[in-house]
Amino acid sequence: MIKQPITQSEINNIVWKACDTFRGVIDPSQYKDYILTMLFVKYVSDVWKDKKRFYSEKYDNDELRMQRALRNERFQLPESCTFDYLFENRNAANLGELINTALEGLEDANRSKLERVFRNIDFNSEANLGQTKDRNRRLKNLLVDFSALDLQPSHLEGNDVIGDAYEYLIERFASDAGKKAGEFYTPSQVSKLLAKLMAPQPGDRIIDPTCGSGSLLIKTAKEVGSKNFSLYGQEINGSTWALARMNMFLHEIDNATIEWGDTLNNPKLLEGDSLLKGNKVVANPPFSLDKWGVDNAVTDQFNRFHRGVPPKSKGDYAFISHMIESTYEDVGKVGVILPHGVLFRGSSEGKIRQQLIEDNLLEVVIGLPSNLFFGTGIPACILIFNRAKGENKDILFVDASQGFESGKNQNRLRDSDIDKIISAYQNFQQAAPLSTEAGEVLEEKYSYRATLKEVIENEYNLNIPRYVDTFVEEEPVDIAATQQDIRELKNQLASVEQKIEDYLKELGF
Amino acid sequence: MSIIKLKKNLYKKTKVGDIPENWDVRSLGNLIVEMKSGLSRKLADKDLGLPVLRSNNLVNNEVVFDNLLYWYFDDPQGANTKGYFLNDGEILVNFINSPAQIGKCALFINKLGRPIIYTTNLLSLSLDSEQIDPGFFLSLTLSSLYKKFIQSITKPAINQASFTTKDFRKFTLPLPPLFEQKKISQVLSAWDEAIEKNRELLKVYLRRRKGLSQNLLSGGLRFKEFIQDDQLIKTKVGTLPADWHLRSISNIVTRVKKSFTPEPDTLYQEIGIRSHAKGIFHKEKVTGKSLGNKSVFWIEPDCFVVNIVFAWEHAIAKTTEAEAGMIASHRFPMYKPKKDLLDLDYLLYYFKSARGKHLLGLASPGGAGRNKTLGQSDFAKLQIPVPSLEEQRKIASVLSEADKEIDLLRQHIKTLKEQKKGLMQKLLTGEVRTI
């Protein structure tokens, strides 16, 4: 009998349920790493099991040939590192230690892929998982919950199912615990929008210098439409970096380069002595990062801040500068999500902004709805810088702040909202540059094609309402009709007031 | 109808005070046919089938059908929702709420034409119509007798003060004969009607005021004597008459900035500006010492003044002689209209309009509600339509008369309410008789 393939939502439900073991007792920002790591181990183990069965049938149980074939697999799994082994030992008194050892073994057997990936996780941690008895119970529950999940490729609809389940979990954790667990997680619809705006092409090199768990990179890669792309990411937080690595493998993007470190102070994505350059550079950096490293910026060895050094308490333009310097001359494109302040703040930021506009790099400004992000209600915007603007000096402004559906805690971009933004961008790109001094309203209260002249008149202030007029005219009042109403009411009042006077007289006042 | 002539001015002493001899003293319990609290559910703002009335639907003894919440016709938890359907003439009593709200009542009349239920914070009350008139009872719930009683039975809690139905039944009330109750409630309802009509009138006044502002400030309506060119031109701030000018704020006002160093022991009085264009208020006097390092300025009368932190929320006003000698911080820039160019009231009315508010918002960048500060150089660059000084004055005086009219009507409504209250005190105790 052929087993029914397991669907995305079934997997999502099982893994989300597995979190019940921890929920309420341990902070999601702690236990999410355990759940996600276990999901990875389960996936690698099930793929291994699947392959083993396949080869044993193929080579008619010839152990030697089987082993030889398995050696060419993506991941090598010693017996004591498999999920099944751990599950068999689920009642062991030193379960945490067993899992740790299994992870070490897994890393050792796959050094090129998994080096340091499990360094930040400790299944034997009393601080995170409780004292021995509680810890063992929790870990056992975790193994039991995951044992219900069959992730063998022959049992799945497609390979992306696992990767998407992983994404699903990361997003759920982010929404469950707000900023704490979500850090600066970009909601999937926002990533999708940015990915589509970037319109990556086959052969593109895609970079995310603040990649988090890698979702935005993966979403952008998916837009290529083939496997012909290369991904590069850097992430500052060790645990999140590990998640990003696992996330890539789960999406079968094995050759992605994900580095661990602080992009601004210690860029790790390099080519020789200079910054690695790409076709599409995307990011959702931390908003207005304080103490981002202004001291190093002045003498930056990569000369990233030649347009000016951003203020020490707001790193937004430091990320923008880094991203622009990470693009290929003449073809590269930057898509970045930032708070609205980058559009209008003055002093050093104003100067950098002016320079970017004068260099004809800024192509699009998009205002997003408020409350899209986990843990913060502030509205963000997307800026697109394009080195291939050519003769076109116009800038597209989109006020997409009203296009969303309201959710329980967060607002959410619908696919239709995304499509609308994308088509505004595409239409802008396809139209000829304006030859007039004044800009052009593309869609009332939504999009505006601004000329450089106008931007200069506005002193390089990009605040969206200056370009997209969102003033809602009041409903016109029919003054003649109000006069009529007033006359009628006054007539009625006259008779009521007469009645009152009569009553009062009757009552002796 | 035969009118029974009774001997007036014969009173008896009772525990509810001196009341006419032929009135009864009864407890509410004896007058109630049925009393029942509503359904406790987590309501939705989507129409699931049944509108559910809550405490905030009880306003001035009436049920208002605004901001409704809903529940399912077939209760998922198995309750029979039909048992909670309200009938016309029933009285809703709020018995769980903040101490200020608790006890308020309203007469239910179904204006939606569909079944309606009510939440667990309300009681529905069917009164014995042979004995007590619902209108009379409602009037009584506004009396101090009732309010004192409710206070005495309420178990306090911040927002969940409540009383029991058992206690509520004990309410002791003076009860005139039914026909007299009806007469009392009929008399009082004349005042209710007058108040209601005046409220409607106020709404129309406000609507007309808005229409006048829209038209006068955009040149949509003009006094003939000012028209030199009746062409209209399209501008960034809407369509305007061709003989009006768009002028930058910086060209029509002068910034007033009289700074000084406060003496430590002298008393100073700061001003504040209410949001939503509600005018200036005066803060408590403080010593110069307590102002600390704050940079402060003298108030100059007859200026346009704005609180830059809340400009987007319409914190704008004009200074008058009443503020002379007061002070304000650097967050309250003042602007004096240039003589021969700009009328202060016109300027204020312009910024009070929807378009003016929008402009203030434009000059106050920032995404979040807070942190939206008016940029003073951006403000100076705003352009507004400026007719001739005479026309500005005429526009301002029309709007100002309309404002006065609205104020007077508000006072009139207040007076009517006061009058009704006084009348109730006399009628509900029988001090003045309606028969």
Side-chain angles (χ1 to χ4, degrees), chain A residues 287 339-341 343-346 367-371 376-381 401 438 457-459 461-466 469-504 506-509, chain B residues 183 186-215 218 220-221 236-238 353-355 357-359 361-371 375 377-378 381 412 416 419-420 422-423 426-427 432-435:
Chain A
F287 287 178
H340 276 253
L343 301 177
F344 53 79
R345 286 197 298 251
L368 298 175
S370 57
N371 217 11
T376 172
I378 82 168
C381 62
S401 61
E457 266 171 26
N458 276 309
E459 294 164 330
N461 183 324
L462 302 173
N463 199 20
I464 298 168
R466 291 188 176 224
D469 185 358
T470 50
F471 179 63
V472 185
E473 207 68 65
E474 288 176 302
E475 195 70 27
V477 174
D478 182 344
I479 298 185
T482 60
Q483 279 306 90
Q484 186 58 38
D485 289 351
I486 289 171
R487 269 196 293 276
E488 266 170 37
L489 278 168
K490 282 190 168 165
N491 277 336
Q492 293 170 13
L493 266 169
S495 73
V496 178
E497 272 160 13
Q498 188 56 50
K499 205 158 52 176
I500 285 183
E501 216 174 299
D502 292 348
Y503 278 140
L504 286 174
E506 209 182 318
L507 293 168
F509 288 102
Chain B
K183 182 79 197 218
Q186 190 189 345
V187 169
L188 290 173
S189 68
W191 268 261
D192 289 336
E193 199 185 337
I195 291 165
E196 185 49 38
K197 287 283 171 228
N198 276 301
R199 279 204 186 111
E200 280 175 41
L201 186 61
L202 179 63
K203 274 189 203 153
V204 189
Y205 276 0
L206 286 167
R207 203 159 68 232
R208 184 173 65 179
R209 161 73 176 73
K210 190 167 155 187
L212 285 170
S213 158
Q214 284 170 354
N215 283 289
S218 65
L221 275 181
K236 272 200 275 187
V237 291
S353 72
R355 175 71 79 174
K357 187 178 180 190
H358 177 69
L359 289 179
L362 278 188
S364 312
R370 291 146 297 173
N371 303 327
S377 63
D378 287 344
K381 276 181 223 144
H412 183 53
L416 277 171
Q419 200 178 32
K420 185 195 162 192
L423 202 58
K426 306 243 181 271
L427 295 181
V432 171
R433 305 290 297 272
T434 54
I435 50 164

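Treat the numbers as computed from the prediction; the structure is a model and nothing was measured. Order of the sequence lines fixes the chain letters, A, B, ..., with proteins taken first and strands second; residue numbering starts at 1 for each chain.
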To check you understand the geometry: which heavy-atom pair defines the closest contact between Arg207(B) and Asp485(A), and what is its length?
NH2-OD2, 3.0 Å

Using non-hydrogen atoms and a 4.5 Å limit, figure out which bit of Val477(A) sits close to chain B: side chain, backbone, both or neither.
both

Distance check, rounded to the nearest 0.5 Å: Glu193(B) atom CD versus Lys499(A) atom NZ?
4.5 Å

Does any heavy atom of chain A fall under 4.5 Å from the side chain of Asn215(B), the backbone, both, or neither of them?
side chain

Leading residue by heavy atom contact count with chain A [cutoff under 4.5 Å; candidates Glu200(B), Arg355(B), Lys197(B), Lys236(B)]:
Arg355(B)

Within this structure, what is the CG-NZ distance for the pair Asn458(A) and Lys381(B), rounded to the nearest 0.5 Å?
8.5 Å

If you count heavy-atom pairs under 4.5 Å with chain A, which of Leu221(B), Val187(B), Leu423(B) comes out on top?
Val187(B)

CD of Glu497(A) to CG of Leu416(B): how many Å apart, nearest 0.5 Å?
6.5 Å

Nearest heavy-atom neighbours spanning Leu362(B) and Pro465(A):
CD2-CB, 3.0 Å

Measuring from atom NZ of Lys183(B) to atom OH of Tyr503(A), what distance do you get when rounded to the nearest 0.5 angstrom?
5.5 Å

So NZ of Lys210(B) and OG1 of Thr482(A): to nearest 0.5 Å the spacing works out to 12.5 Å

Restricting to non-hydrogen atoms, name the atom on Arg208(B) and the atom on Ile479(A) that form the minimum distance, rounded to 0.1 Å.
CG-CG2, 4.3 Å

Under the salt bridge (Lys or Arg N to Asp or Glu O under 4.0 Å) rule, collect the residues that match up with Glu488(A), sequence neighbours excluded.
none

Hey, is the main chain of Gly211(B) close enough, under 3.5 Å, to the side chain of Glu474(A) for a donor-acceptor pair?
no

Please look at Gln419(B) and chain A and tell me whether the side chain, the backbone, both or neither of the residue comes under 4.5 angstrom of a heavy atom of that chain.
side chain

In the structure I gave you, are the side-chain heavy atoms of Asp378(B) and Asn463(A) within less than 4.5 Å of one another anywhere?
no

Where is the tightest heavy-atom contact between Ala190(B) and Ile500(A), given as atom of each residue plus distance?
O-CD1, 3.9 Å

Between Phe471(A) and Ala354(B), which heavy-atom pair has the shortest distance, and what is it?
CE1-O, 3.4 Å

Residue pair His358(B), Thr470(A): steps toward the side-chain contact (heavy atoms from CB on, under 4.5 Å) verdict
CA-CA 9 Å; His358(B) 177 69; Thr470(A) 50; 3.9 Å; yes

Pick one of side chain, backbone, both or neither for Asp478(A), based on which atoms fall under 4.5 Å of a heavy atom in chain B.
neither

Where does Ser495(A) contact chain B at under 4.5 Å (heavy atoms): side chain, backbone, both or neither?
neither

Smallest heavy-atom separation, Leu507(A) atom then Val432(B) atom, equals CD2-CG1, 3.7 Å

Proximal component of Leu359(B), with respect to chain A [non-hydrogen, under 4.5 Å]
neither

Look at atom CD of Glu501(A) and say whether more than 12 heavy atoms of other residues, nucleotides or ligands are closer to it than 6.0 Å.
no

Counterpart residues, ring-ring contact (aromatic ring centres under 6.0 Å, His included), relative to Tyr205(B) (two or more places apart)
none

